[in-house]
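A short write-up of the structure that comes next.
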Amino acid sequence: MRITTWNVNSVRARLDRVIAWLEANTPDLLCMQEIKTLPETFPHEAFEAIGYRLAVHGQKTYNGVAFASRAEPAEVTRGMPGDPEDAEARIIAATVDGVRVVNVYVVNGKAVGDPKYDFKLRWLDRFREYLQAELENHETLLVCGDFNIAPEDRDVHDPDLWRGKVLFSEPEKEKFQAMLGIGLKDALRLHNSEPGVYTWWDYRMGGFRRNLGLRLDHFLVSEAAAKRIREVTVDREERGGEKPSDHAPVTAVLD
DNA sequence: ATGGTGGGTTCCCCA
């Protein structure tokens, strides 16, 4: 089974590229983040025409997450229990081919010290509690998406430049470790300890051309799911060309 | 410390 996570940065702006990528790569499940649209304006037809079924949790303009899968997604849930009605659309979960998958777009945080940064840290506490409950209910759990945190020095092109900055500050990294602490593993690191594996490059300053990347998109997996992980790879090539997302697709292969 | 680039039911906000 192949599962891909991809922050597409607007599913409508990226539609041709996403559909072409699906046709070329045929994952069993695609987890999208930052779809930036409501379910009623999501381009359903293009996905259905190539044999994918959809489950969408969207909002206007910002955020939004969605699944596109070969098999029908079951037990679909949107958001976290206790979220207010108008909460940002950042989480969708479903069971696909017997695997429980949580698809997340974590709060960006803007800058250390900004109110959005404090909101990010608090949101991550609630998210960890939500994952703990998912773990109790599902032995084979896979959490994927844009975590907006680079966990370690080897995940950052210039750790000393980024140290203390949003996406790489100590409190954010502690929240990431706390998610591992409930019994999840960083799936890419099960089989790859190399530095320089990035999933995001800023549009600005020629970030991709100069390979100024960070690893922000992750698969966190339960013990049972970890045993089934064969590899996790980044499709760097998809970050190039005309009108790319600023994130590359990341694919996990499971037995 | 600043700015640069890209997307959105856009003329500012978010990343």
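Chain naming here is simple, since letters A, B, ... match the order of the sequence lines and numbering starts at 1 in each. As the structure is a computational prediction, the values presented were derived from the model and not from experiment.
Between the CZ atom of R210(A) and the C1' atom of dG4(B) there is a distance of 10 Å, given to the nearest Å. One interatomic measurement links the two molecules: NZ of K165(A) to P of dT2(B), which rounds to 12 Å at whole-angstrom precision. Straight-line distance from the CZ atom of R17(A) to the P atom of dG7(B): 11 Å, rounded to whole Å.
Stacking of K173(A) on the aromatic ring of F168(A) is recorded, both the 6.0 Å distance cut-off and the 45° axial limit being met. Cation-pi geometry between R70(A) and Y52(A) is satisfied (NZ or CZ under 6.0 Å from the ring centre, within 45° of the ring normal).
Evaluation of the salt bridge (Lys or Arg N to Asp or Glu O under 4.0 Å) rule for E75(A) yields no partner, not counting sequence neighbours.
Annotation: the span from T95(A) atom OG1 to L141(A) atom CG amounts to 9.5 Å, rounded to 0.5 Å.
Against the 90° criterion about 0, the sugar-base torsion of dT9(B) places it in the syn range.
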Quiz item: Please walk me through it: do K120(A) and D114(A) pass salt bridge (Lys or Arg N to Asp or Glu O under 4.0 Å)?
Solution: CA-CA 10 Å; K120(A) 178 181 193 174; D114(A) 190 279; over 6 Å; no
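D83(A) and Y130(A) share no side-chain donor-acceptor pair at under 3.5 Å.
Taking the C1' atom of each, dG4(B) and dA15(B) are spaced 13 Å apart, rounded to whole Å. Atom name P, nucleotides dT2(B) and dG6(B): the rounded distance is 23 Å, in whole Å. Comparing dT9(B) with dT5(B), their P atoms sit 23 Å apart, to the nearest whole Å.
Proximity of R14(A) to the phosphate of dG7(B): a side-chain N or O atom is located under 4.0 Å from OP1 or OP2. Side-chain nitrogen and oxygen atoms of T61(A) include at least one within less than 4.0 Å of the OP1 or OP2 phosphate oxygen of dT9(B).
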Taking only N/O atoms, report every protein-nucleotides 11-15 of chain B pair under 3.5 Å with atom names and distance.
| residue | atom | partner | partner atom | Å |
| --- | --- | --- | --- | --- |
| dC14(B) | OP2 | K116(A) | NZ | 3.3 |
| dA15(B) | O3' | N108(A) | ND2 | 3.3 |

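Nucleotides of DNA chain B nearest to M205(A) and R12(A) differ in position, and the one nearer the 5' end is that of M205(A).
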